[in-house]
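Each remark here refers to the structure printed beneath this line.
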Amino acid sequence: MIIILCAPSGSGKSTMVRHLLDTYPGCYELSISATTRLPRGQEQHGKEYYFITKEEFEQHIVNNDFIEYEQVYDGLYYGTLKSEIDRIQSLGRTILFDIDVKGGINLKNIFGDNALSIFIAPPSIDALSARLHARGDTSEEMIQKRLAKAEIEMADAPHFDHIVVNDDLSVAKQSLEDIINSWKRNS
Ligand code: ADP
Ligand code: 5GP
C-alpha cells in the first residue's frame, strides 16, 4: 500500500508524517528521497534525505534509477530512488511519500488505485508564512520562493483523492488517520 502526502512546504507534512510513524510503529515506512540541497538543522544523511551531490544525482538520472524526480527549487534536485521502494516493500510496510505536488501527481498516475493521495493544505498563505518564519531554519529568500510556489501548488489540490486542511493540528491529524483507515479497510 502506498500513501502519498503532498503539501506546500511549511504546511505541516513532516509533522503529519511523524504523527503516523509514532502512532503506528512498524506499520509505515517513510520513503527517503535523494536531494542536492544541503542538510538543515539536525538533518542527517539517510534519515530525512540522502544528501548527494549534483553530479551523483545526475548520474542516477542517466542510470534511470529514479521513479520520479524534480528540480523543485532553482537548481535543487529532489527524487525518489526505485531502490527505496524495493527497500520498503521488503519490510512489508505501507510506503509513505512526502514529496512535492508535481511529484505526488506523477506517483499517483504511476500507482493508480494502489496509492492514496492526500493534499495537506495550510489554512491560508499568511498562516504558511508565519509557520515558515516560526520554524526558523529557512532563509528569507527561500521562504519567499516557497510562498510563491505554494500559491501555484494550491491550485493542484483538486487532483488529489483527499484534501486535509491543517488548521487545528489535532483535528488535522485525526482526519488524516480517518481517511487512511477507511481507505485501508476498503482496499
Ligand atoms: P512541512 O513538512 O510541510 O514543510 P512542517 O511539518 O515542518 O511542514 O511544519 C512547518 C512548521 O509549522 C513547523 O514548525 C510545525 O511545528 C508548525 N506546524 C505544523 N502544523 C501546525 C498547525 N496546525 N498549527 C501551527 N503550527 C503548525
Ligand atoms: P524541503 O527542502 O523543505 O525538505 O523540501 C522541499 C520540497 O521538495 C517539499 O515540497 C518536499 O515534499 C519535496 N520533495 C522531497 N522529496 C521529494 C522527491 O523525492 N520528489 C519530489 N518531486 N519532491 C520531493
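In listed order, ligands and their atoms are each counted from 1.
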### Residue pair Y77 / E58, side-chain donor-acceptor N/O under 3.5 Å
yes

#### Entry: Modelled atom types, side-chain donor and acceptor of Y50 and E84, under 3.5 Å
yes

### Task
Work out whether the distance between some heavy atom of A172 and some atom of ligand 1 is less than 4.0 Å.
no

### Query
If you measure from atom 18 (C) of ligand 2 to every heavy atom of K13, E70, E68, which option wins on shortest distance?
E68

## Note on the structure
At under 4.0 Å between heavy atoms, what of D98 touches ligand 2? The answer is both

### Query
What do you reckon, does A134 put a non-hydrogen atom under 4.0 Å from ligand 1?
no

### Nearest-contact summary for atom 3 (O) of ligand 2 - protein heavy atom, Å
R146 NH1, 2.8 Å

### Task
Answer with yes or no whether R40 contacts ligand 2, where contact means a heavy atom under 4.0 Å from a ligand atom.
yes

### Task
Just let me know how R37 lines up against ligand 2, side chain, backbone, both or neither, with a heavy-atom cut-off below 4.0 Å.
side chain

### Task
Examine the proximity of ligand 2 to Y69 and report which part, side chain or backbone, both or neither, has a heavy atom under 4.0 Å away.
neither

### Query
ligand 1 and S11, any nitrogen or oxygen pair closer than 3.5 angstrom?
yes

### Task
Could you tell me whether the side chains of K184 and T94 share a donor-acceptor contact shorter than 3.5 Å?
yes

### Message
Looking at ligand 1, is there an atom of it that comes within less than 4.0 Å of some heavy atom belonging to D167?
### Response
yes

### Task
Assert yes or no for the condition that the ring centre distance of H162 to F119 is strictly below 6.0 Å.
no

### Query
Is it the side chain, the backbone, both or neither of K102 that has a heavy atom closer than 4.0 Å to ligand 2?
neither

### Query
What do the steps show when you test S14 against D98 for side-chain contact (heavy atoms from CB on, under 4.5 Å), and what is the final call?
CA-CA 8 Å; S14 314; D98 164 354; 4.0 Å; yes

### Message
Quick check on A7 - does any of its heavy atoms sit under 4.0 Å from an atom of ligand 1?
### Response
no

### Task
Name the closest protein heavy atom to atom 6 (O) of ligand 1, giving the residue it belongs to and the distance to 0.1 Å.
T15 OG1, 2.5 Å

## Note on the structure
The protein heavy atom nearest to atom 10 (C) of ligand 1 is G10 O, 3.5 Å

### Query
To the nearest 0.1 Å, how far is atom 19 (O) of ligand 2 from its closest protein heavy atom, and which atom is that?
S33 OG, 2.7 Å

#### Entry: Heavy-atom nearest neighbour in the protein, as seen from atom 13 (C) of ligand 1, with distance rounded to 0.1 Å
R135 CD, 4.0 Å

### Query
For ligand 1, which part of L132 has a heavy atom less than 4.0 Å away: the side chain, the backbone, both, or neither?
neither

### Message
We want to know whether E55 and Q59 form a side-chain donor-acceptor pair, criterion being a heavy-atom distance below 3.5 angstrom.
### Response
no

### Query
Once the angle between the rings of Y69 and F57 is folded into 0 to 90°, is it parallel (under 30°), tilted (30 to 60°) or perpendicular (over 60°)?
perpendicular

### Query
What protein heavy atom sits nearest atom 2 (O) of ligand 1, and how far away is it?
S14 OG, 2.4 Å

### Task
With heavy atoms only and a cut-off of under 4.0 Å, state how D100 meets ligand 2: side chain, backbone, both or neither.
both

### Query
For D168, is at least one N or O under 3.5 Å away from an N or O on ligand 1?
no

